[in-house]
Amino acid sequence: MISRLLSLLCLRLCVGQTDIPENGSPPKPSLSAWPSTVLPTKSHVTMQCKSPTPSKYFILKKEGFALNSVKPYNLTEETADFHFTDLRQNDGGHYTCEYYSKWPHDTPSHPSNALFLLVTGYLPQPSFQAHHRGTVTAGSKVTLQCQKAGSVLGPVKFALLKVGHSTPVQTRSSTGMVSDFSLQNVTARDSGEYSCVYYQAKAPYRASGPSNLLEISVIDNHLPQDLAASTFPPQLTATSPKTPGTMTEGYTVDNLIRVGVAAAILLIVGGFLVEAWHSERLSPNKPCAPGEK
């Protein structure tokens with residue numbers, strides 16, 4: 001009995017274990033995916049299950065059925081990684097994870113919140129456009145429209161994706177051909193590259209490939225003009241996908257402006273120098289050289 005109490009005390013003090021209810025299941029873990037929950041076919045993903053307490057082992061489930069179990073390396077381990085390679089359509093679906101706590105006995109936790117994995121590339125690519133025309137200013141509303149291919153029949157779900165985000169920004173259900181995504185009161189944080197996909201709402205969750213990227217640039221009118229110009233490039237708008245031709249044209253205009261300004265400055269400075277030299281020659285107060293009268 002004393003040995004058991006000492007073990008519990010050591011675990012709590014040395015490991016920092018949170019309290020576990022005496023009755024019922026331990027707190028639920030969290031489940032995340034890297035690099036994203038929306039990935040193309042034949043790619044790789046790592047799902048990580050993280051528990052609030054050191055655990056004896058972790059279990060990954062798909063649609064309620066156990067897929068794999070992982071044991072931690074040591075007493076303090078609170079995470080477990082599950083690796084998937086060469087993703088296929090049938091890998092898509094809802095995943096959860098659970099863990100078995102070490103103390104006071106082998107007790108299963110509640111399942112984590114479901115993580116939805118979508119494997120893309122099995123339906124035609126959608127079209128993607130922005131309703132907004134011109135530069136996006138902070139505080140305004142931006143509407144992005146995703147349209148599925150005409151050959152795809154039946155209701156689908158649409159997902160708005162942003163480069164650098166591991167989960168969709170928004171999802172929408174639709175019985176029609178299109179779905180609108182609204183970004184309200186946009187800020188600089190909404191700047192970035194967006195795309196969209198659509199997919200079947202039920203298994204096997206066949207999904208399209210992602211649309212072309214559309215870049216959104218948000219400019220804050222409250223910033224000083226020179227700071228806003230240096231922070232948010234004015235050439236990029238919410239209506240034009242980022243292409244090499246567009247960027248080259250913008251850089252060419254900028255270079256011409258810079259060359260013109262530099263030439264004007266050189267002419268002005270040169271004029272001042274010539275005028276100063278001429279004035280010095282005609283000045284009656286110019287000191288005479290030795291031997292001159």
Side-chain angles (χ1 to χ4, degrees), residues 32-40 43 45 113 115-118 120 125-149 156-174 176-199 207-261:
S32 59
W34 189 89
S36 176
T37 58
V38 181
L39 292 166
S43 60
V45 67
N113 292 335
L115 181 149
F116 182 58
L117 179 68
L118 193 63
T120 64
Q125 184 184 42
S127 62
F128 191 44
Q129 62 180 342
H131 287 180
H132 186 88
R133 297 286 177 181
T135 303
V136 182
T137 56
S140 61
K141 172 184 175 182
V142 176
T143 301
L144 306 174
Q145 185 180 87
C146 187
Q147 180 174 345
K148 71 177 182 179
V156 296
K157 285 189 174 183
F158 292 86
L160 178 65
L161 312 177
K162 183 180 181 183
V163 174
H165 283 223
S166 61
T167 59
V169 178
Q170 296 180 25
T171 56
R172 293 281 188 272
S173 297
S174 177
M177 295 291 296
V178 301
S179 180
D180 289 344
F181 297 98
S182 294
L183 303 178
Q184 305 284 345
N185 299 318
V186 294
T187 66
R189 292 184 178 182
D190 295 308
S191 297
E193 293 180 321
Y194 292 82
S195 63
C196 71
V197 296
Y198 63 93
Y199 59 95
S208 72
S211 68
N212 293 330
L213 288 173
L214 185 66
E215 180 156 1
I216 302 297
S217 181
V218 181
I219 297 179
D220 190 347
N221 287 335
H222 298 292
L223 290 177
Q225 186 175 1
D226 56 345
L227 179 59
S230 63
T231 305
F232 308 109
Q235 296 88 353
L236 303 181
T237 68
T239 58
S240 302
K242 185 178 180 181
T243 61
T246 303
M247 295 302 294
T248 301
E249 180 181 354
Y251 290 138
T252 301
V253 173
D254 284 348
N255 289 336
L256 290 175
I257 293 174
R258 293 190 185 100
V259 170
V261 172

Show me, pair by pair, the donor-acceptor contacts under 3.5 angstrom made by side chains of residues 139-149, not counting sequence neighbours?
| unit_1 | atom_1 | unit_2 | atom_2 | d |
| --- | --- | --- | --- | --- |
| S140 | OG | T137 | O | 2.6 |
| Q145 | OE1 | Q129 | NE2 | 3.1 |
| Q145 | NE2 | H131 | NE2 | 3.4 |
| Q145 | NE2 | D180 | OD1 | 3.2 |
| K148 | NZ | V152 | O | 3.3 |
| K148 | NZ | G154 | O | 2.7 |

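A donor-acceptor pair under 3.5 Å is formed between the side chain of Q125 and the backbone N or O of P210. For the pair S166 (side chain) and W34 (backbone), a donor-acceptor distance under 3.5 Å is absent. At distances below 3.5 Å, not a single donor-acceptor pair connects side-chain atoms of K157 with backbone N or O atoms of V197.
Nearest heavy atom pair, residue V186 against residue V136, reads CG2-CG1, 3.7 Å. Nearest heavy atoms, G209 versus P126: O-CD, 3.2 Å. Minimum interatomic distance between A33 and V45 (heavy atoms only, all atoms of both residues): CB-CG2, 4.0 Å. Closest heavy-atom contact between A159 and Y199: CB-CE2, 4.2 Å.
Residues forming a side chain to side chain donor-acceptor pair (under 3.5 Å) with Q170 (at least two apart in sequence, or on another chain): R172.
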Q) What's the verdict on side-chain contact (heavy atoms from CB on, under 4.5 Å) for I216 and D190, showing C-alpha distance, side-chain angles and the deciding distance? A) CA-CA 7 Å; I216 302 297; D190 295 308; 5.6 Å; no
Q.
L213 vs E193, test: side-chain contact (heavy atoms from CB on, under 4.5 Å). Steps then yes/no.
A. CA-CA 6 Å; L213 288 173; E193 293 180 321; 3.8 Å; yes
Q) Does the side-chain contact (heavy atoms from CB on, under 4.5 Å) test come out yes or no for T120 and V38, once each step is laid out? A) CA-CA 7 Å; T120 64; V38 181; 3.6 Å; yes
Q: Decide yes or no on side-chain contact (heavy atoms from CB on, under 4.5 Å) for F116 and T171, but give the supporting numbers first.
A: CA-CA 12 Å; F116 182 58; T171 56; over 6 Å; no
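Interatomic distance, OG1 of T167 versus CG of L115, reported as 9.0 Å (0.5 Å rounding).
Side-chain atoms of Y194 and L183, non-hydrogen and from C-beta on, do get closer than 4.5 Å to each other. By the 4.5 Å heavy-atom criterion applied to side chains, L160 and F128 are counted as neighbours.
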